[in-house]
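The structure appears below as structure tokens.
Only a predicted model underlies this, so the values are computations on that prediction, with no experimental measurement involved.
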Amino acid sequence: MAGPAAQSPMKLVALQLLLWHSALWTVQEAAPLGPASSLPQSFLLKCLEQVRKVQGDGTELQEKLVSECATYKLCHPEEMVLFRHSLGISQVSLSSCPSQALQLTGCLRQLHSGLFLYQGLLQTLEGISPELAPTLDMLRLDIADFATTIWQQMEELGTAPALQPTRSATPALPSAFQRRVGGLLVASHLQSFLELVHRVLRQLAQT
């Protein structure tokens with residue numbers, strides 16, 4: 001029977017495969033983008049810079065969480081499967097962006113709604129650990145800045161909703177263990193969402 005030293009790398013690989021699988025549905029939503037939009041090039045380039053910054057923050061948080069799980073033998077794959085279902089992260093649709101007839105207003109609103117959703121999910125991770133707090137705070141701040149950029153562009157186009165969106169109920173994560181596991185799942189889904197956002201923005205900037 002394999003000892004703890006042999007089991008730990010195997011569990012880490014299983015955990016990474018689980019995270020990849022849990023976010024796969026988001027990546028599969030990608031489709032060829034349609035024609036050019038009327039968005040200013042300066043706005044698109046700023047958004048590309050911001051999404052790269054958020055991706056870097058998210059990668060750093062994800063790597064630290066995976067490392068903590070391996071170090072303290074937390075986040076077993078079996079528990080991750082159960083917790084993923086109970087957490088119930090909503091799927092973020094970008095259906096108005098990758099289409100043959102780009103719906104500009106709908107696309108911007110979906111981008112903003114997705115960022116707003118992850119702001120709320122990341123807020124539930126507050127108090128996760130003193131070591132992770134600076135990384136989490138930076139990620140939340142950069143997502144908020146990105147969402148503000150998109151909202152301001154909607155205001156300039158006259159397409160912003162009359163009221164700012166209200167945050168829906170987010171899952172409660174009372175224990176440190178739940179916040180670590182929840183953090184891994186949120187970070188994984190966030191990265192997949194950001195990959196789609198980056199692809200949308202890059203192609204719009206090239207058209």
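Side chain of Q119 to backbone of I143: no donor-acceptor contact under 3.5 angstrom is found.
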Tabulate below the donor-acceptor pairs under 3.5 Å that side-chain atoms of residues 153-162 make, not counting sequence neighbours, or state none.
from : atom 1 : to   : atom 2 : distance (Å)
E155 : OE2    : W151 : NE1    : 3.1
T159 : OG1    : M154 : O      : 3.3

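In this structure, the salt bridge (Lys or Arg N to Asp or Glu O under 4.0 Å) partners of E126, at least two apart in sequence or on a different chain, are R140. Contacts of L141 classified as side-chain contact (heavy atoms from CB on, under 4.5 Å), with partners at least two apart in sequence or in another chain: D145. Applying the side chain to side chain donor-acceptor pair (under 3.5 Å) test to Q55 and every residue at least two apart in sequence or in another chain returns nothing. For S129, the side-chain contact (heavy atoms from CB on, under 4.5 Å) partners two or more places apart in sequence, or in a different chain, are E68, E131, L132, R180. Every residue meeting the side-chain contact (heavy atoms from CB on, under 4.5 Å) condition with T135, not counting sequence neighbours, appears here in chain and number order: E60, L61, K64. Taking K46 as the reference, nothing meets the salt bridge (Lys or Arg N to Asp or Glu O under 4.0 Å) condition, with sequence neighbours excluded. Checked against side chain to side chain donor-acceptor pair (under 3.5 Å), S113 has no partners two or more places apart in sequence or in another chain.
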Inset, instruction - Check step by step if side chain to side chain contact (heavy atoms under 4.5 Å, CB included) holds for C107 and L94. - result: CA-CA 7 Å; C107 181; L94 294 181; 6.0 Å; no
Inset, instruction - In sequence, state the C-alpha distance, the side-chain angles, and the governing distance for H189 and Y118, and then conclude on side chain to side chain contact (heavy atoms under 4.5 Å, CB included). - result: CA-CA 9 Å; H189 283 75; Y118 282 107; 3.3 Å; yes
Inset, instruction - Walk me through it: do I128 and L65 pass the test side chain to side chain contact (heavy atoms under 4.5 Å, CB included)? - result: CA-CA 10 Å; I128 186 170; L65 282 166; 3.6 Å; yes
Legend entry - Intermediate values then yes/no, side chain to side chain contact (heavy atoms under 4.5 Å, CB included), V197 and F193: CA-CA 6 Å; V197 172; F193 170 69; 3.6 Å; yes
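For the atom pair CG of L196 and OG of S192, the computed distance is 7.5 Å after rounding to the nearest 0.5 Å. Taking CG from D142 and CZ from R52, the interatomic distance works out to 14.0 Å, rounded to the nearest 0.5 Å. We find the NE2-CD distance between H198 and Q191 to be 12.0 Å, quoted to the nearest 0.5 Å. Rounding to the nearest 0.5 Å gives a distance of 8.0 Å between SG of C47 and CG of L111. Of the inter-residue distances, the one linking L45 atom CG with L39 atom CG reads 11.5 Å to the nearest 0.5 angstrom. Atom CD of Q50 is separated from atom OG1 of T148 by 8.5 Å, given to the nearest 0.5 angstrom.
Between L139 and G58, the shortest heavy-atom distance links the atoms CD1-N, 3.9 Å. Counting all heavy atoms, side chain and backbone alike, C97 lies closest to Q110 at N-OE1, 4.2 Å. The minimum heavy-atom distance linking F43 with I150 is given by the pair CE1-CA, 4.1 Å. Heavy atoms only, all atoms of each residue included: V92 and G114 are closest at CG1-CA, 3.6 Å.
Sorted by first and then second residue, the salt bridge (charged side-chain N to carboxylate O under 4.0 Å, His left out) pairs with a member in residues 105-120 form an empty list; sequence neighbours excluded.
Linking ILVMFWY residues whenever their side-chain heavy atoms come closer than 4.5 Å, directly or via other members, places L108 and L48 in the same cluster. L115 and M138 fall into different hydrophobic clusters, where Ile, Leu, Val, Met, Phe, Trp and Tyr side chains are chained together by heavy-atom contacts under 4.5 Å.
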